**Student:** 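I have a structure I would like to understand better, so I am pasting it below and will then ask my questions one at a time.
Both backbone and side-chain heavy atoms feed into the values below; hydrogens, waters and symmetry mates do not. Every chain is numbered from 1 and lettered A, B, ... according to where its sequence line falls, protein lines coming before strand lines. From a predicted model like this one, the values you see are computed outputs, not experimental measurements.
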Number of protein chains: 2
Amino acid sequence: MIRLFLAEDQTLLLGALARLLQLEPDIELLGQAADGHSARQGILDQQPDMVLSDIEMPGLTGLELAEWLQQEQPQVKVVILTTFARPGYLRRALEAGVRGYLLKDTPAGQLADALRRIQRGERVIDPELALTAFDSKNPLNGRERQILRLAGSGLGNADIGQQLHLAEGTVRNYLSEAISKLDAGNRIEAYRIARDQGWL
Amino acid sequence: MIRLFLAEDQTLLLGALARLLQLEPDIELLGQAADGHSARQGILDQQPDMVLSDIEMPGLTGLELAEWLQQEQPQVKVVILTTFARPGYLRRALEAGVRGYLLKDTPAGQLADALRRIQRGERVIDPELALTAFDSKNPLNGRERQILRLAGSGLGNADIGQQLHLAEGTVRNYLSEAISKLDAGNRIEAYRIARDQGWL
DNA sequence: GCTCCCGGATGACATTTGTCACCCGATAAA
DNA sequence: TTTATCGGGTGACAAATGTCATCCGGGAGC
């Protein structure tokens with residue numbers, strides 16, 4: 001019997017998955033949550049064997065949740081379920097010791113099956129990603145990430161400097177460095193590249 | 001009996017919804033598709049009463065599908081199901097005569113119910129959006145949209161001009177106009193604003 | 001002690017981006 | 001026919017962005 005906890009912020013999918021998985025005789029759904037913080041609380045309360053979690057959730061992301069579980073409740077098996085085939089996400093997930101990484105365009109029929117294989121001790125990585133896993137690691141350091149995120153949201157160098165208590169020139173330097181590391185032509189392109197790789 | 005066709009590109013959700021709705025005694029699922037073109041073909045083949053469709057799909061978007069149905073098969077009731085609470089999307093959907101506009105974070109239990117109300121002739125708009133519907137119309141013209149999209153993808157003025165066979169200065173003019181219409185500080189901010197409103 | 005490296009800052013410079021006023025030719029309205 | 005209007009273009013200028021070389025004040029390592 002798989003004692004499962006579900007974390008997914010898209011209510012419709014959360015509900016649909018809940019009902020679907022409950023139909024499986026060997027899965028017991030202990031609880032569900034629509035954001036990271038209540039997921040963490042729910043897991044503490046219910047002590048499930050396995051957690052199936054989205055990545056992008058309000059409050060606490062699925063990756064942060066996985067990292068926390070690795071520290072605090074390492075016996076809980078974490079399975080990530082996400083839309084995004086971003087190498088950086090997968091890498092970070094694996095480093096957090098997750099047992100599975102599935103994409104939301106997996107056929108619905110295969111989901112319960114994947115969970116069973118994971119329960120047996122297998123590690124299940126979506127084939128689309130298995131390859132791209134270890135070819136590219138994040139070249140950006142903390143500052144560069146931080147600044148690129150802000151730049152991507154439309155702030156100018158001066159604004160960014162303000163927020164981070166840095167001189168405008170310094171911001172320019174970091175951004176320039178990021179642009180060149182990512183082999184982009186300007187901040188916008190750099191932002192897109194980094195985001196699509198899951199490096200932000 | 002509701003004779004339903006489902007179009008949704010996220011396979012997992014498509015499958016989950018299909019199974020869920022099939023459990024309803026008064027819903028008959030005639031078919032499903034994971035992209036716009038096969039949805040159109042499926043609808044032609046199956047002649048459903050109602051289509052439940054995502055917006056962002058490969059090939060043909062749900063909005064384009066709705067517009068096409070309005071022309072070609074106006075007796076088919078269209079219901080949009082999307083993640084995005086963008087006023088521009090809703091506006092366009094309404095202009096295409098859709099009967100319902102639901103968000104993917106509707107509770108799963110309410111979905112079948114909403115479909116039934118629509119079948120009876122009601123129009124169901126997600127309450128979160130019902131208000132914002134007619135307060136803001138897209139201030140951008142075709143050129144501005146086009147150029148803003150390209151700018152948002154990281155191209156510079158020169159590249160954009162190249163692609164569109166326009167002088168660089170002209171591109172700058174359009175972009176400047178768009179920035180001021182959207183009350184933004186630069187192209188990035190303008191892009192975000194427009195995208196979030198569903199104006200691209 | 002003395003290096004060497006690192007985060008951060010400067011200054012100088014070239015390029016790109018944003019703003020504005022104005023021009024041109026075609027088309028539509030009077 | 002004359003006049004608006006519109007899509008597109010130019011030129012000039014200011015501001016923001018991108019690139020570099022260089023500098024400074026700590027540590028960390030020897």
**Student:** A cation-pi test, strictly: NZ or CZ of A:Arg92 under 6.0 Å from the centre of the six-membered ring of A:Tyr89 and no more than 45 degrees from its axis. Yes or no?
**Tutor:** no
**Student:** Among C:dA21, D:dT17, D:dA21, which nucleotide sits nearest the side chain of A:Asn157?
**Tutor:** D:dT17
**Student:** In terms of side-chain heavy atoms of A:Tyr174, which of C:dT10, C:dG18, C:dG7 is nearest?
**Tutor:** C:dG7
**Student:** Does B:Gln10 reach the main-chain N or O of B:Leu12 with its side chain, forming a donor-acceptor pair under 3.5 Å?
**Tutor:** no
**Student:** Please determine if a side-chain N or O atom of B:Thr170 lies less than 4.0 Å away from the OP1 or OP2 oxygen of D:dG8.
**Tutor:** no
**Student:** Mind calculating the distance between CD1 (B:Ile147) and P (D:dG7) to the nearest angstrom?
**Tutor:** 12 Å
**Student:** Rounded to whole Å, please give me the gap between CG in A:Asp159 and C1' in D:dA15.
**Tutor:** 13 Å
**Student:** Among C:dC20, C:dG18, D:dT19, which is the nearest nucleotide to the side chain of A:Ile179?
**Tutor:** D:dT19
**Student:** Heavy atoms from C-beta onward define the side chain here; which of D:dG8, D:dT17, D:dA21 lies closest to that of A:Arg172?
**Tutor:** D:dT17
**Student:** At less than 4.0 Å, is any side-chain N or O atom of B:Arg187 found next to OP1 or OP2 of C:dG18? Yes or no.
**Tutor:** yes
**Student:** Would you say the side-chain atoms of A:Gln71 pair up with the backbone N or O of A:Trp68, donor to acceptor, closer than 3.5 Å?
**Tutor:** no
**Student:** Please give, in whole Å, the distance from D:dT10 P to B:Leu166 CG?
**Tutor:** 11 Å
**Student:** Rounded off to whole Å, could you give me the CG-to-P distance for the A:Leu175 and C:dT16 pair?
**Tutor:** 16 Å
**Student:** Rounded to the nearest 0.5 Å, what's the gap from CD on B:Gln47 to CD on B:Gln73? Could you check?
**Tutor:** 4.5 Å
**Student:** If you only use heavy atoms from C-beta on, which nucleotide in C:dG18, C:dT10, D:dG9 is closest to the side chain of B:Asn186?
**Tutor:** C:dG18
**Student:** Any base atoms under 4.0 Å from A:Gly169, or only sugar-phosphate, or nothing? Heavy atoms, all strands.
**Tutor:** base
**Student:** Just how far, in rounded Å, is P of D:dT19 from CD of A:Glu144?
**Tutor:** 13 Å
**Student:** If you measure only the distance, is there a donor-acceptor pair under 3.5 Å linking the side chains of B:Arg149 and B:Gln146?
**Tutor:** no
**Student:** Could you please name the option among C:dG11, D:dG18, C:dG18 that lies closest to any side-chain atom of A:Asn173?
**Tutor:** C:dG11
**Student:** Nearest whole Å is fine: how far is C:dT17 P from B:Tyr191 OH?
**Tutor:** 16 Å
**Student:** Between C1' on D:dT17 and CD1 on A:Ile188, what's the gap in Å once rounded to a whole number?
**Tutor:** 11 Å
**Student:** What integer distance in Å separates A:Ile160:CD1 from C:dG8:C1'?
**Tutor:** 16 Å
